[in-house]
Amino acid sequence: MVQVRSEPEAAPRLGLFGGTFNPIHYGHLRAAEEVCEALNLSRLWFIPAAQPPHKAPQEITPFALRLEMTRLAVGDHPVIAVSDIEGRRPGKSYSIETLKSIREQVGPTWELYFILGLDAVLEISTWRQYRELFTLCHFVVLDRPGYERTRLAEVLCREVHPQFQPLPQKAGFQHPSGYKVLVLATTLMDISATRIRRLVSEGRSIRYLLPDAVRRFIIEKNLYQ
Ligand code: ATP
């Protein structure tokens, strides 16, 4: 009898895309879509920060409104969803805590990919327990206009671990723990939430910078006036 040996199943992959999302815009959304495709993610969660550690609470829009805008933007995407995990924890929203509790929630079989922009990773040394983060999951770094990719290696080796090894074909770097920092060339979009808030406060158009449902929500709730 012929033995048919099935290939071992690939581990499911979960992308974690944290941010303030004040508001979410097409820079975030298109990057998420392209990461899903490039890494064949089974799921991607946008994770709005309830209390971003770097921002004063009075400076930002309430969590519930940012969460709602993120949900409106995602709609019923087959892979992408929105997690309110950081709103269910008191105090500042530290990524290290989020990552550990997601690992507990999904169990050991899922591969986790923490997604962030180049601007954010270049500031990683300001994050709580940032060195440990790189020993818990893979990272995906998105290019962002105005930020030099060449600075990534320098920051990783100087601030995180001196023995990051470059991956073939300039795909990124590998931490001694085995976890990777992948650099993905997603479509560059020079869109920021700061600019969107400024345009609204100046009474100017934000159409086509973000989904129309989010634009209408901003108008309806009088945000960023
Ligand atoms: P703000 O202007 O208020 O600082 P932002 O537009 O940078 O906001 P965040 O919510 O702070 O948005 O970003 C969440 C994550 O998305 C960060 O890791 C950031 O680097 C990344 N990101 C934001 N905008 C873009 C963009 N246009 N292209 C790629 N990545 C982006």
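Quick caveat: nothing in here was measured; it's all calculated off a predicted structure. Counting convention: from 1, in listed order, for ligands and their atoms alike.
Short contacts between ligand 1 and Phe21, defined as distances under 4.0 Å to a heavy atom of the residue, involve ligand atoms 10 (O). Here is the list of ligand 1 atoms found below 4.0 Å of a heavy atom in Gly19: 10 (O), 14 (C).
In this structure, a donor-acceptor pair under 3.5 Å is present between the side chains of Tyr113 and Glu111. A donor atom on one side chain and an acceptor atom on the other are not found under 3.5 Å apart for Ser93 and Gln51. A side-chain N or O of Thr187 and one of Glu34 form a donor-acceptor pair less than 3.5 Å apart. Side-chain atoms of Glu33 and His77 include a donor-acceptor pair closer than 3.5 Å.
Distance from atom 27 (N) of ligand 1 to its nearest protein heavy atom, with residue and atom name: Met189 O, 2.9 Å. Of the protein's non-hydrogen atoms, Ala193 CB, 3.4 Å is the one closest to atom 8 (O) of ligand 1. Taking atom 25 (C) of ligand 1 as the reference point, the nearest protein heavy-atom neighbour is Arg144 NE, 3.3 Å. Remark: minimum distance from atom 30 (N) of ligand 1 to any protein heavy atom is reached at Leu142 CD1, 3.8 Å. Of the protein's non-hydrogen atoms, Asp119 OD1, 2.5 Å is the one closest to atom 20 (O) of ligand 1. Remark: minimum distance from atom 9 (P) of ligand 1 to any protein heavy atom is reached at His28 NE2, 3.7 Å.
At least one N/O-N/O distance between Ile191 and ligand 1 falls below 3.5 Å. Residue-to-ligand polar distances keep Asn22 apart from ligand 1: every N/O pair is separated by 3.5 Å or more. Every N/O-N/O distance between Phe17 and ligand 1 stays at or above 3.5 Å.
For atom 14 (C) of ligand 1, the choice among Ala31, Ala49, Gly18, Gly117 with the nearest heavy atom turns out to be Gly18.
If you look at Thr194 next to ligand 1, the close heavy atoms, those under 4.0 Å, come from the backbone and the side chain alike. With a heavy-atom cut-off of 4.0 Å, His25 touches ligand 1 through its side chain alone. At a 4.0 Å heavy-atom cut-off, ligand 1 touches Ser192 through backbone and side chain alike. Contacts between Leu116 and ligand 1 below 4.0 angstrom, taking non-hydrogen atoms only, involve backbone and side chain alike.
Shown here is Arg158, whose CZ atom has more than 12 heavy atoms of other residues, nucleotides or ligands within 6.0 Å. A 6.0 Å sphere centred on CZ of Arg197 holds more than 12 heavy atoms belonging to other residues, nucleotides or ligands. The environment of Arg89 atom CZ is dense: over 12 non-hydrogen atoms of other residues, nucleotides or ligands sit within 6.0 angstrom.
Remark: distances from the non-hydrogen atoms of Lys55 to ligand 1 include one below 4.0 Å. Residue contacts with ligand 1: Tyr26 is excluded, as none of its non-hydrogen atoms falls under 4.0 Å. Using a 4.0 Å cutoff on heavy atoms, Arg197 counts as a contact of ligand 1.
Residues Ile80 and Cys36 share a closest heavy-atom pair of CG1-SG, 4.0 Å. Between Leu223 and Val200, the shortest heavy-atom contact is O-CG1, 3.4 Å.
You'll find the ring centres of Phe46 and Phe21 inside the 6.0 Å limit.
Taking the six-membered ring for Trp and thresholds of 30 and 60 degrees, Phe134 and Phe139 have nearly parallel ring planes, at less than 30 degrees apart.
For the side-chain contact (heavy atoms from CB on, under 4.5 Å) criterion with His175, the lone passing option out of Leu133, Thr135, Leu156, Val181 is Thr135.
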